[in-house]
> 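Take a look at this one; I'll ask things after.
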Protein chains: 2
Amino acid sequence: MATMREVAKKAGVSVATVSRVLNSNGYVNDETRKKVLETMDALKYKPNNVARSLFKKQTKTIGLIVPDITNPFFPQLARAVEDVTNEKGYTIILGNSDEKPEKEQRYLDILEQKYVDGIIMATNTLPIEHIKLLDKPIVVVDRAIHADVPTIVVQNRKGAKAAVNHLKGIGCQRIAHIKGPEHVDNANERCQGYLDIVGTEPWFTPEFVVDGNYTTKESYHAAVKLLRNHPEIDGIFAGNDLMATGVLKAAHELGISIPDELAVIGFDGIDMCETTHPELSTLAQPIYQIGEAAAELLIDLIEKKQISESFKEYPVDLIIRGSTKRT
Amino acid sequence: MATMREVAKKAGVSVATVSRVLNSNGYVNDETRKKVLETMDALKYKPNNVARSLFKKQTKTIGLIVPDITNPFFPQLARAVEDVTNEKGYTIILGNSDEKPEKEQRYLDILEQKYVDGIIMATNTLPIEHIKLLDKPIVVVDRAIHADVPTIVVQNRKGAKAAVNHLKGIGCQRIAHIKGPEHVDNANERCQGYLDIVGTEPWFTPEFVVDGNYTTKESYHAAVKLLRNHPEIDGIFAGNDLMATGVLKAAHELGISIPDELAVIGFDGIDMCETTHPELSTLAQPIYQIGEAAAELLIDLIEKKQISESFKEYPVDLIIRGSTKRT
DNA sequence: TTGAAAGCGGTACCAT
DNA sequence: ATGGTACCGCTTTCAA
C-alpha cells in the first residue's frame, strides 16, 4: 500500500499538499491538485485510516453490543443502526454478550481500546458505575438501566396491559403469562403490566406466571406443562414473540385450537409473527425506529450536537392477528 | 485516558520499559515491573490500540459482509464467526450489502482503509478482479465465486436433488420449485438440482419454476398464483426456508392441507423451521459450522499458517418434519 | 536491565 | 499556494 509520502515524492510536492488535496481543505493550486490526484490514482493510494484515527482521536466506528444477534429482534435493530450510521460514514463493530456481565465488560474494554467513537448497547446486567466510567458516548436500548444514561426503550408495562386487556376483551377468562428472564428489566415490566390487570382477579394464582426465558423452546415446555395442569386457561400473554410461538407449538401438540380455545399474544413484533399459523397477535415495537433513534442520538452525542431528549420511550402497537381473532 | 508516557513518567522509567512490561517481552526487573504495573493501575492505563495498530499493521479486526443481517441465515453465521474470532482476540465489523455491488465495493474499500486483518464475505455480485485487488486475506461463504478465492459452501445441487427425491419418495407427482434471485449462485444451483430430477419428466413445464426472491412475501404471492393455476401441484421445493414458509402461508390461505395435499420442503435449516405448523422439512446447512470453518480458515490465512484446504463444501442434511410427513 | 530515538502514516500549525 | 515539521501513542532496534 502506497503512503502519502510516496505520493508526495512522486508528485514532487510535500506531504502537506497531498494531505490538503486529500481532505480538500486549505489552498492548493488547480495544477498541483490535478497532478497529486493523478499520482494518487497511479499509485492506487488509499489513506490509512488507522494513522488518521491516531491523530484525530476518532475512528468513525461505533460499537453495538447485543445479547445475541441470533435473537430475531436484534438483527432488525442492528440493521437500522447500520443504515443510519453508515450513512454518516460510521462503521459498526458487533458484539454478543449473552447477557453475561463479564462479556459485556470485556467488550466495553475492547471497544474503549479500539477507540470507537461511541457505543450502543442492549443490556442491563452491568453495574451502572462501569458504564459511567466510560468516557465515551453511550446509548442504551431495549432496557433502561439508569436515568443518567441516554436510553431508547418502549412502554413495556403499558403495552403488556394492552395485551392482557385485549385478551380480556375477546372473552378470555383465565389468562396466564409466560415470563422472560428474571434479570431482564423489560421482562419484569411486561410481567408487571400483566399483574396490573389480572393480579387481583379472584381466579388469579401465581402458578399462572411461568418462566420461558425469552426462548421458543423453554416457553414451549413451560406452556405444555401449564396447559396440562390448567386446562381452564384460555388466554396466554407471552413476554415476547419467540415465546409466543412456543405456546403455539404447545397448543398444536395438545390439540388445543387457537384462537378459539386458547388465544395467544406476544410482544415485540418480529417478522416471524406473520409466518406462524395462525398469525401471531403482538404488541409491536417500532424496532427499526428504535435502532434509528438510538443511532441518531449516539451520533448527536458524538458530534456534541444539542440533544433535545436523552430518554425516549416509544409506544407499542397492538397488532391483532389470527391468534386472538375470535369469530 | 492516560498514555504510556504518563505512566512512564509517574513510574520514573522510560516508555520503552512500560512497553516491555505491557507486552511482557524483553528483560525487565521484577521490582520495576511491579512499580510499572502499579502505576498503570493507579492511572487506569489502557493501551491505545489505534497507535499499536499503526505500528504493527494489524488491527485484530475482521470485516464480515453479508447481504442482509435481517435474513435469519446470517445472524447464525455471524454468531459463529464472532464466537471463533473473538476467542482469538479479534473483533468483527459488520456490513450489509443488500447484494448490491456498489455497496460491497464500498465496504471493501472502507475495510481496507481501516486496515482490517481479513474479510469474510457472502456475495457473488462482485467481479472477481476487485476481490483479487485486495491484498488482504478473504474468505467467501455461502456462494462460490472463483476457484482462486478461499471458499466455504454447501452442496447446493446435491441437496436440492435430495429434496426433490424426497418429495417424489413420499408420492408427489407434480413438483414445483420456488426459486431464489437470478443473480445468486446458490439459488441457481438449487434450481439446477431440481431440474436434474424433474426437468425431463413428461409433466414438467417451465411454469413450475417461479421466482420467490428468497423472501417470504414474494414466495407467498408466487405460490398463491402458482397453486391457483396449477391445482395439480402436490409438492413444492422452495429454494430456502423463508420462501417455504411463504408457501405454507399460501396453502393455509387456499385451504390446501399440508402435507397431504401439498408437501413442502425448504433449504437452509434456519431455526424458524421448527416454529411453523406443521414444522418445515428442509435441507439443513450446518450454518454454525460454516461460520466456524470460515472464521478458522480466515484466521489461518491471516496468521499465515499452513492451509490444508481452501475450498470446503459441506454436505446438507435432509431433515424430515411435518410438512412432508405423510401418513 | 534500561533508555533514547526513529519510525508507523497521517494532520495541521507556522513559515515562507 | 506550498513546504517543513512537530506530534498522535506505541513498538522496537541500538547503545549504554
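Note: hydrogens, waters and symmetry copies are ignored here, and every other heavy atom, side chains too, is used.
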> Is any NZ, NE, NH1 or NH2 atom of the basic residue among A/Asp117 and A/Lys60 found under 4.0 Å from an Asp or Glu carboxylate oxygen of the other?
no
> Taking the nucleotide of DNA chain D with the closest heavy atom to each, which residue, B/Ala16 or B/Ala51, is nearer the 5' end?
B/Ala51
> For B/Asn49 and D/dG9, give me the distance from atom CG to atom C1', rounded to whole Å.
11 Å
> Whole Å only: how far is the CZ atom of B/Arg5 from the P atom of D/dA6?
14 Å
> How many whole angstroms separate atom OH of B/Tyr27 from atom P of D/dT11?
20 Å
> So what does B/Val50 touch, heavy atoms closer than 4.0 Å: a base, only the sugar-phosphate, or nothing?
nothing
> Please confirm whether the backbone N or O of A/Glu182 pairs with a side-chain atom of A/Asn188, one donor and one acceptor, at under 3.5 Å?
yes
> Taking everything shown except A/Lys34 itself, do over 12 heavy atoms lie less than 6.0 Å from its NZ?
no
> When you check the phosphate oxygens OP1 and OP2 of C/dG10, does a side-chain N or O of A/Tyr45 lie under 4.0 Å from one of them?
yes
> When the distance from CG of A/Leu22 to C1' of C/dG10 is rounded to whole Å, what number comes out?
9 Å
> In terms of the nearest nucleotide of DNA chain C, which residue is placed more toward the 5' end: B/Asn29 or B/Leu54?
B/Asn29
> On a plain distance test, is the side chain of A/Arg52 in donor-acceptor contact with the base of C/dG9 below 3.5 Å?
no
> B/Met4 CE to D/dT11 C1': how many Å, rounded?
7 Å
> Tell me whether the OP1 or OP2 atom of D/dT11 has a side-chain N or O from B/Lys57 closer than 4.0 Å.
no
> Establish, for the pair A/Lys136 and A/Tyr115, whether the NZ or CZ atom is under 6.0 angstrom from the six-membered ring centre and no further than 45 degrees off its axis.
yes
> For A/Val18, which contact category applies under a 4.0 Å heavy-atom criterion: base, sugar-phosphate, or nothing?
nothing
> In whole Å, I'd like the distance from the CD atom of A/Gln58 to the C1' atom of D/dC8.
13 Å
> Determine: side-chain N/O of A/Thr32 to OP1/OP2 of D/dA1, distance under 4.0 Å, yes or no.
no
> If you count heavy atoms of other groups shown closer than 6.0 angstrom to CD of A/Glu309, is the number above 12?
yes
> If an axis is fit to five pairs at each end of the helix from C/dT1-D/dA16 to C/dT16-D/dA1, what is the angle between the two, to the nearest 10°?
40°
> Hey, is the main chain of B/Ser19 close enough, under 3.5 Å, to the side chain of B/Asn23 for a donor-acceptor pair?
yes
> Check the distance between C/dA12's P and A/Asn25's CG and give it to me in whole angstrom.
7 Å
> Considering just the side-chain nitrogens and oxygens of A/Ser14, establish if one lies under 4.0 Å of OP1 or OP2 belonging to D/dT2.
no
> Taking the nucleotide of DNA chain C with the closest heavy atom to each, which residue, B/Phe55 or B/Arg20, is nearer the 5' end?
B/Arg20
> Using whole Å, report how far CG of B/Asn23 lies from P of D/dT12.
7 Å
> Does C/dT11 have OP1 or OP2 sitting under 4.0 Å from an N or O in the side chain of A/Ser19?
yes
> Any side-chain heavy atom of A/Leu108 sitting closer than 4.5 Å to one from A/Leu134?
yes
> Between the side chain of B/Asn48 and the main-chain N/O of B/Thr3, is any donor-acceptor distance below 3.5 Å?
no
